[in-house]
Amino acid sequence: MPELPEVEFARRCWERWANGRRVTGVTATVSRVLRPATPRALQAVRGARFVQFERRGKNLLLTARSGHGKVGLWSHLGMTGKWVRRPVGELPRFARASFTLNDGQALHYCDMRLFGRLQVVPQARFAEVPELAALGPDPLVDGIDLRRLADRLGSLRLPIKVALLDQRLIAGVGNIQASEALHRAGIDPRRPARSLSRAEVARLAAGIRRSLAATLARFDRAVGPDGDIAYVEEPGTPNFFAVYDQAGARCPRCRKGVVTRLVQAGRSTFFCPRCQH
DNA sequence: ACCCGTGTTCGCTG
DNA sequence: TCAGCGAACACGGG
């Protein structure tokens with residue numbers, strides 16, 4: 001589930017759930033989610049109060065403060081990660097790490113496929129983590145610098161859809177948002193990145209911003225302010241995307257083309273051949 | 001049984 | 001040297 005909108009939604013949930021609360025207990029099971037894989041490292045946040053809730057691309061950056069100073073928690077949801085709040089004593093399925101708070105609730109990191117990551121960052125020095133430093137600008141936090149984006153794209157032979165998945169270019173766009181943004185911009189996903197004109201790059205940036213904002217607004221509406229799960233997708237949830245996973249459907253933009261699926265760099269792409277050029 | 005999957009990294013190849 | 005690709009990771013659902 002997690003691209004930028006899902007992670008931003010998780011960030012807002014965390015803020016609501018944990019702001020000013022103290023961690024009274026930490027438990028975790030050994031798994032590749034933890035870096036290092038030892039549950040012991042997570043004990044650094046025990047006794048600390050969560051005070052800051054940030055996001056960079058698909059990364060959640062939580063800061064807790066204790067008498068000893070700050071501790072950072074770096075969370076990446078991978079493919080199937082989600083944060084869940086439950087009263088103490090209830091353990092949700094696939095819980096890999098749990099933080100008990102001083103309000104009788106516990107926050108659980110659940111991840112079926114274990115592609116996510118949870119790591120303590122000493123002193124909350126997120127900027128010194130190489131993987132985070134390598135991220136490109138976050139469209140919501142930093143905005144998109146058109147000139148810089150055009151320059152970067154200008155040197156890439158890759159299909160534009162594949163280029164958009166590179167987190168060093170723009171942080172937070174994933175497989176769904178890449179298809180959705182290109183559809184909004186009316187750009188064929190197969191075009192070499194370097195072939196985009198200045199005007200098309202501008203349209204693409206607008207498409208990215210609008211697609212992210214529209215998806216985020218859906219979550220707010222669907223889950224509401226008091227939800228206990230920072231999630232998006234549950235079985236039976238209707239697909240509200242314009243093209244993603246809509247192969248065979250009529251294009252909602254031009255109302256004439258048929259949404260088509262193709263595979264690029266091993267990932268599904270969806271687009272309308274009639275209005276994306 | 002078989003294929004697919006909202007992410008990232010690693011190793012091979014040309 | 002490096003862009004580009006497929007595989008791998010792990011597990012459930014259609």
Side-chain angles (χ1 to χ4, degrees), chain A residues 1-11 29-35 37 55-60 74-83 92-96 109-119 129-136 138-139 152-183 189-194 208 211-212 214-216 218-219 222-223 229-248 261-271:
Chain A
M1 39 146 47
E3 294 185 31
L4 188 152
E6 290 85 346
V7 181
E8 173 60 19
F9 188 72
R11 189 198 70 74
T29 56
V30 176
S31 80
R32 43 178 282 120
V33 163
L34 305 179
R35 316 283 173 91
R55 181 190 54 73
R56 285 283 300 185
K58 303 171 190 171
N59 298 274
L60 200 51
W74 170 25
S75 161
H76 191 297
L77 303 180
M79 197 90 119
T80 53
K82 62 180 76 170
W83 284 98
R93 210 147 118 85
F94 303 118
R96 311 296 184 178
Y109 178 63
C110 306
D111 191 349
M112 179 184 77
R113 287 173 74 183
L114 299 175
F115 292 167
R117 163 198 289 262
L118 193 57
Q119 184 171 332
V129 175
E131 289 94 329
L132 298 175
L135 293 174
D138 182 290
R152 301 285 308 269
L153 291 177
S155 65
L156 297 175
R157 243 177 289 259
L158 286 173
I160 183 61
K161 153 65 162 49
V162 178
L164 283 177
L165 299 181
D166 186 339
Q167 302 298 297
R168 293 169 302 183
L169 200 64
I170 294 179
V173 176
N175 203 41
I176 292 178
Q177 297 297 325
S179 281
E180 293 291 302
L182 285 165
H183 178 253
R190 297 166 294 189
R191 295 259 307 276
R194 62 197 294 177
I208 291 169
S211 177
L212 294 173
T215 305
L216 186 52
R218 277 303 171 135
F219 299 154
V223 182
I229 305 179
Y231 69 90
V232 183
E233 146 264 344
E234 283 291 296
T237 304
N239 177 355
F240 51 75
F241 296 110
V243 290
Y244 183 80
D245 203 18
Q246 301 281 20
R261 173 184 184 268
L262 52 89
V263 175
Q264 297 179 286
R267 317 288 309 273
S268 289
T269 299
F270 299 88
F271 77 115

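Side chains are part of it too, since the values below use all heavy atoms of this structure and drop only hydrogens, waters and symmetry mates. Everything quoted here is computed from the prediction, not taken from an experiment.
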Near-parallel close stack of Tyr244(A) and dT6(B) base (under 5.5 Å, under 30°): no

Which of dG12(C), dC4(B), dT8(B) is nearest the side chain of Arg93(A)? It is dG12(C)

Could you tell me whether the side chain of Arg113(A) has a donor or acceptor atom within less than 3.5 Å of a complementary atom in the base of dG12(C)?
no

In whole angstroms, the gap separating P of dT6(B) from CD of Glu180(A) amounts to 13 Å

Indicate, with a heavy-atom threshold strictly under 4.0 Å, whether Arg117(A) touches base, sugar-phosphate, or nothing.
nothing

Atom CZ of Phe115(A) and atom C1' of dC4(B) are separated, to the nearest Å, by 12 Å

Is the NZ or CZ atom of Arg96(A) positioned over Tyr109(A)'s six-membered ring, under 6.0 angstrom from the centre and within 45° of the axis?
no

Between Ala37(A) and Ser31(A), the two heavy atoms sitting closest are CB-O, 3.6 Å

Point to revise | Same-atom distance (P) from dT9(B) to dT1(C), integer angstrom | key: 22 Å

Glu6(A)/Lys58(A) salt bridge by N-O under 4.0 Å criterion: no

- Query: Base, sugar-phosphate alone, or nothing: which one does Leu156(A) contact when heavy atoms must sit under 4.0 Å apart?
  - Reply: nothing

note: Arg261(A), atom CZ; dC4(B), atom C1'; distance rounded to Å ~ 8 Å

Check: Does Arg267(A) put a side-chain nitrogen or oxygen below 4.0 Å from OP1 or OP2 of dG6(C)?
Finding: no

>> Between Asp138(A) and Arg55(A), does any NZ, NE, NH1 or NH2 come within less than 4.0 Å of an OD or OE carboxylate oxygen?
In response: yes

Among dC9(C), dT8(B), dC4(B), the one nearest any side-chain atom of Arg32(A) is dC9(C)

From CG of Asp166(A) across to P of dT8(B) the rounded distance in Å is 10 Å

Residues Val243(A) and Phe270(A): closest non-hydrogen pair is O-CB, 3.1 Å

Taking dC11(C), dC4(B), dG4(C) as options, the one with an atom nearest any side-chain atom of Leu158(A) is dG4(C)

pair_partner(dT6(B)), Watson-Crick or wobble, both distances < 3.5 Å, evaluates to none

ask   = Going through the distances and angles, do Arg261(A) and Ser268(A) end up as a side-chain hydrogen bond (donor to acceptor under 3.5 Å, both in side chains)?
value = CA-CA 7 Å; Arg261(A) 173 184 184 268; Ser268(A) 289; 2.9 Å; yes

By the Watson-Crick or G-U definition, both distances under 3.5 Å, dC12(B) is matched with dG4(C)

Reckon Arg168(A) has a side-chain N or O less than 4.0 Å from the OP1 or OP2 of dT9(B)? no

Between CD of Glu3(A) and P of dT8(B) the distance, given in whole Å, is 9 Å

Atom CG of Leu114(A) and atom P of dT9(B) are separated, to the nearest Å, by 16 Å

| Below 4.0 Å: OP1/OP2 of dT8(B) and any side-chain N or O of His76(A) | yes

(request) Name the nucleic acid region contacted by Gln167(A), choosing base, sugar-phosphate or nothing; use a 4.0 angstrom heavy-atom cut-off, strictly under. (result) sugar-phosphate

Between CG of Leu34(A) and P of dA10(C) the distance, given in whole Å, is 14 Å

*asked:* Tell me whether the side-chain N/O atoms of Lys58(A) come closer than 4.0 Å to OP1 or OP2 in dT6(B).
replied: no

note: Leu4(A), atom CG; dT6(B), atom P; distance rounded to Å ~ 17 Å

